[in-house]
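Take a look at the structure set out below.
Nothing here was measured: the structure is a model prediction, and the numbers come from that model.
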Amino acid sequence: MTSSQKTLRADARRNRERIVESARELFARDGQDAQIEEIAAHAGVGIGTVYRHFPTKQALLTEMVRSRFTRFAVATAVLAAAWGAPQAA
């Protein structure tokens, strides 16, 4: 979680998560042709809410990649701890 996400109100954090999840689904289906307006509708938020969190489509794509790699890193650390493997510094 980034420092900007830590300071979000609970409803804003939920909106952000819904936007990213909706974007993930629509980009998987439509590729880069997915439209911000459609992502907003799919997430159940207004287009202004999407642009408040992600000023460009590239910013949204960047967040999707960042969050995926963060999840991979956490899962790797959990598995490494469970298997007793040393962790990299």
For this session: Any pair with a residue in residues 37-49 that passes salt bridge (charged side-chain N to carboxylate O under 4.0 Å, His left out), sequence neighbours left out, goes on the list, sorted by first then second residue, please.
Result: Arg29-Glu38
Seminar exercise, completed: Sorted by chain and number, sequence neighbours left out, salt bridge (charged side-chain N to carboxylate O under 4.0 Å, His left out) with Arg71 holds for none
Exercise. With Asp33, which residues qualify under salt bridge (charged side-chain N to carboxylate O under 4.0 Å, His left out), at least two apart?
Worked result: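 Partners of Asp33 under the salt bridge (charged side-chain N to carboxylate O under 4.0 Å, His left out) test: none.
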Exercise. Given a cutoff of under 4.5 Å between side-chain heavy atoms of I, L, V, M, F, W and Y, with clusters grown through shared members, what are the other residues clustered with Phe72?
Worked result: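 Its cluster mates, by chain and number, are Val65, Phe69.
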Problem set entry | Value rounded to 0.5 Å, distance of CD1 in Ile39 from CD1 in Ile47 | 9.0 Å
Problem set entry | From CZ (Arg66) to OG1 (Thr70), nearest 0.5 Å |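 The CZ atom of Arg66 sits 4.5 Å away from the OG1 atom of Thr70.
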Could you tell me which residues satisfy side chain to side chain contact (heavy atoms under 4.5 Å, CB included) with [X], sequence neighbours excluded, listed by chain and number?
X     : result
Gln32 : Leu61
Ala10 : Arg13, Arg14
Ala41 : none

Problem set entry | Side-chain heavy atoms of Thr56 within contact of Thr62, under 4.5 Å | no
For this session: Mark yes or no for whether Lys57, through its side chain, and Ala34, through its backbone, hold a donor-acceptor pair below 3.5 Å.
Result: yes
Which atom pairs, one a donor and one an acceptor, fall under 3.5 Å between side chains of residues 18-28 and the rest of the protein, sequence neighbours left out?
unit_1	atom_1	unit_2	atom_2	d
Arg18	NE	Ala43	O	2.9
Arg18	NH2	Asn15	OD1	3.3
Arg18	NH2	Ala43	O	3.2
Ser22	OG	Arg18	O	3.0
Ser22	OG	His42	ND1	2.9
Ser22	OG	Ala43	N	3.3
Arg24	NH2	Met64	O	3.4
Arg24	NH2	Ser67	OG	3.1
Glu25	OE1	His42	NE2	3.3

